[in-house]
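Read through the structure below, which is laid out as structure tokens, and then see the notes.
Note that the structure is predicted; figures quoted are calculated from it, not measured.
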Amino acid sequence: MAISAWTPLLVALICVWISGAGVDAQVPGPRTRYQPNWASLDQRPLPQWYDDAKVGIFLHYGVYSVPSFGSEWFWTNWKNLRNPEYVQFMQRNYKPDFTYQEFASQFTAELFNATKWALLFKDSGARYVVLTSKHHDGFTLWPSKNSYGWNSMDVGPKRDIVKELAAAIRKESDLRFGLYYSLFEWFNPLWTDDKLHLLMQQHFVERKVRPEQMELVQQYLPEIIWSDGDWEAPAKYWRSEEFIAWLYNDSPVRDTVVTNDRWGFGTACMHGDFYNCADRFNPGVLQAHKWENAFTLDRTSWGQRFDVSLADFMTSKEVVKEIITTVSCNGNVLINVGPTKFGTILPIFEERLRDMGRWLKFNGEGIYGSVPWIYQNDTITRNVWYTRQKEASNGKITVYAFVLEYPYDTNELDIYPLGKDINIFRNVMLTGIDMGTGGEILNEQRTEVVMLGMEDTKIKWTADHNRLHIVFPPKNHIDKRGLDYAWTFKITIT
């Protein structure tokens, strides 16, 4: 069948969808050796596991967890920017000559239990975890050979946090393990000296950054390298292209590793296996290149802090909405939690993660391994978003409609999964489905509607051309199943 005349807008959308726009293609073949330049590196196909995973957990953990005030940028906010709130906090609570380095001995992590963390992340429904191996203060969570006296083995916990968590994640779950690494360090003399020389020398990269990057990859085998702290220098200074070429060609994780886009100023939203673009990036529209929405459960801070109120935390419903709106537009979510200096995760964070896990248990079929539909959200009915199954089977196509707001007044809803206007003039092939020469596209003979979590309950629905009218099951039945935050309808068309 050929694609014939339809409304111009829909024809354009169908053509884009069929051609694979919005989902980077993967073409199997012999191993390619990538050259240390963006033109070559950008040709690498995205490892499939990452596109399928959709949901990750981010962990900001370090010396900044000790003051637990403001944010993980505590040191520079206090000493560089002289932020009055931070200055006053230190004046009220610490002796006049107290230094940031003295916090390290109080970073005890005596209650840190990597197995307990791993089991929580497994229950959350996440498919990968990213730990901050080193933030902008330079303190490393492993015994770095290039950070003597300023790492978690020499001072504070006296433990290799990276090793323990990596081992627990791999033992207790199928989650992928990744590492965040900050390129720059606020107060490292090698870095500040390179800046004084206008970045014409690369002593900091040669003696600190590159040795630590290689050490992390070779010792801990992370499958995500989440780079940050790049914005004060170009990628050429950081020698990012050389490092990524080694990752893709010769590293022990070359077949599965993925990288983000923070490799020097000007690389964000331009280079990398997936794009972060900015913190909390969620454009709300389809993105052609794979991207990731990294956001915090504490709305303003990545590190754990105690100067918070309940209003500072995302609700479970907001978390689920962020997942749906991100995945519908070809993104993954990376949901940040800040553990305490003791090595525990606060109950409010645990509650959010467990609520997310319960929701994904029922609705994950429409999230994991899904791809964008020809429409990301409903063009008529607000707060309805769509994904679809990756592969059509036996001539079927399956679309998932996520309803973010429950229709309490009527218990009924109209949705338009095929768009507002469809006019059929001749046989049309849409996503592998012969739509025929006329009549209704959505009808009882060709369409099945199921509510995820209520598969044993027959859903009442009617169709009028493009409009699908759905009657929800009784709300008390839905509540009894524990279905909350967003409700998913699986629409199968043959």
Under a 4.0 Å N-O cut-off, is there an ion pair linking Asp255 with Arg44? no
Rounded to the nearest 0.5 Å, what's the gap from CD on Glu292 to CG on Asp261? Could you check? 9.5 Å
Would you mind reporting whether Asn188 and Phe204 have side-chain heavy atoms less than 4.5 Å apart? yes
When rounded to the nearest 0.5 angstrom, what is the spacing between OG1 in Thr326 and CG in Asn332? 9.0 Å
When the aromatic ring centroids of Phe274 and Tyr50 are compared, is their separation below 6.0 Å? yes
From Arg176 CZ over to Thr256 OG1, what is the distance, rounded to the nearest 0.5 angstrom? 6.0 Å
The test is salt bridge (Lys or Arg N to Asp or Glu O under 4.0 Å); show your working for Lys208 and Glu185 and say whether it passes. CA-CA 10 Å; Lys208 186 70 161 64; Glu185 299 173 18; 2.8 Å; yes
Distance-only donor-acceptor check, side chains Ser182 and His136, under 3.5 Å: yes
Does the pair Leu59 and Leu165 meet the rule for a side chain to side chain contact (heavy atoms under 4.5 Å, CB included), with working shown? CA-CA 11 Å; Leu59 295 164; Leu165 185 59; 3.8 Å; yes
With a 3.5 Å distance limit and no angle check, can you tell me whether Tyr64 reaches the backbone of Tyr61 through a side-chain donor-acceptor pair? yes
Do Val217 and Pro252 come within less than 4.5 Å of each other through their side chains, counting heavy atoms only? yes
When you look at Ser124 and Ile57, which way does the side chain to side chain contact (heavy atoms under 4.5 Å, CB included) test go after all the steps? CA-CA 9 Å; Ser124 77; Ile57 301 295; 4.0 Å; yes
Ring-ring centroid check Phe121 Tyr128, cutoff 6.0 Å: no
Counting only N and O atoms by type, is there a donor-acceptor contact under 3.5 Å from the side chain of Ser152 to the main-chain atoms of Leu141? yes
Any idea how Phe187 and Trp75 line up, ring-wise: parallel (<30°), tilted (30 to 60°), or perpendicular (>60°)? tilted
Against Phe103, only a single residue in Phe69, Tyr94, Trp150 fulfils ring pair (Phe, Tyr, Trp, His ring centres under 6.0 Å); can you say which? Tyr94
Should Glu241 and Gln35 count as side-chain neighbours, where that means a heavy-atom distance under 4.5 Å? no
Go through Asp298 and Arg305 one step at a time and tell me if the side chain to side chain contact (heavy atoms under 4.5 Å, CB included) criterion holds. CA-CA 9 Å; Asp298 174 344; Arg305 64 191 179 108; 2.7 Å; yes
Aromatic ring proximity, centroids under 6.0 angstrom, Trp73 and Tyr86: no
So that I can tick it off, tell me whether Lys122 and Glu172 are bridged by a salt bridge, with the cut-off set at under 4.0 angstrom between side-chain N and carboxylate O. no
Is the centre of the Tyr100 ring less than 6.0 Å from the centre of the Trp78 ring? no
How far apart are the C-alpha atoms of Glu72 and Ser301, what are their side-chain angles, what is the distance that settles it, and do they pass the side chain to side chain contact (heavy atoms under 4.5 Å, CB included) test? CA-CA 7 Å; Glu72 70 288 347; Ser301 177; 3.6 Å; yes
Verify the ring-centre separation between Trp238 and Phe243: is it less than 6.0 angstrom? no
Between Ile323 and Met356, is there a side-chain heavy-atom distance shorter than 4.5 Å? yes
Does the Asn260 side chain pair with the main chain of Ser227, one donor and one acceptor, at a distance under 3.5 Å? yes
Do His60 and Ser65 have side chains that get closer than 4.5 Å, going by heavy atoms? no
Check whether the ring centres of Phe112 and Phe342 lie less than 6.0 Å apart, and answer yes or no. no
I'd like to know if Arg352 and Asp355 make a salt bridge, using a cut-off of under 4.0 Å between side-chain N and carboxylate O. no
Could you tell me whether the side chains of Arg262 and Thr267 share a donor-acceptor contact shorter than 3.5 Å? no
The test is ring-ring contact (aromatic ring centres under 6.0 Å, His included); show your working for Trp226 and Phe58 and say whether it passes. CA-CA 10 Å; Trp226 214 99; Phe58 211 176; 4.9 Å; yes
Less than 4.5 Å apart, any side-chain heavy atom of His271 and any of Trp263? no
Between Asp194 and Tyr237, do the side chains contain an N or O donor and an N or O acceptor separated by less than 3.5 Å? yes
Is it true that Arg239 and Glu206 make a salt bridge, defined as a side-chain N closer than 4.0 Å to a carboxylate O? yes
Mark yes or no for whether Asn336, through its side chain, and Trp302, through its backbone, hold a donor-acceptor pair below 3.5 Å. yes
Is the NZ or CZ atom of Arg299 positioned over Phe313's six-membered ring, under 6.0 angstrom from the centre and within 45° of the axis? no
Can Asp273 and Lys290 be counted as an ion pair, charged N to O under 4.0 angstrom? no
Gln304 side chain vs Thr340 backbone, donor-acceptor pair below 3.5 Å: no
Does the Asp230 side chain pair with the main chain of Gly264, one donor and one acceptor, at a distance under 3.5 Å? yes
Please state whether the rings of Phe74 and Phe89 are parallel, tilted or perpendicular, taking 30° and 60° as the class boundaries. perpendicular
Does a salt bridge link Lys390 with Asp52, judged by any charged N lying under 4.0 Å from a carboxylate O? yes
NZ or CZ of Arg254 within 45° of Tyr248 ring axis and under 6.0 Å: no
Taking the ring centre of each residue, are Tyr180 and His135 less than 6.0 Å apart? yes
With no hydrogens and no angle check, do the side chains of Thr140 and Asn151 hold a donor and an acceptor under 3.5 Å apart? no
Atom pair CG/CD1 of Leu353 and Ile345 - distance to nearest 0.5 Å: 7.0 Å
Is any side-chain heavy atom of Asp193 closer than 4.5 Å to one of Gln201? yes
Verify whether one side chain among Gln376 and Ser328 offers a donor that lies under 3.5 Å from an acceptor in the other. no
How about Lys134 and Tyr181: does a side-chain donor come under 3.5 Å of a side-chain acceptor? yes
Test ring-ring contact (aromatic ring centres under 6.0 Å, His included) on Trp186 and Trp191 and set out the steps. CA-CA 8 Å; Trp186 290 310; Trp191 165 242; over 10 Å; no
Decide yes or no for Val319 and Ile335: does some side-chain heavy atom of the first lie under 4.5 Å from some side-chain heavy atom of the second? yes
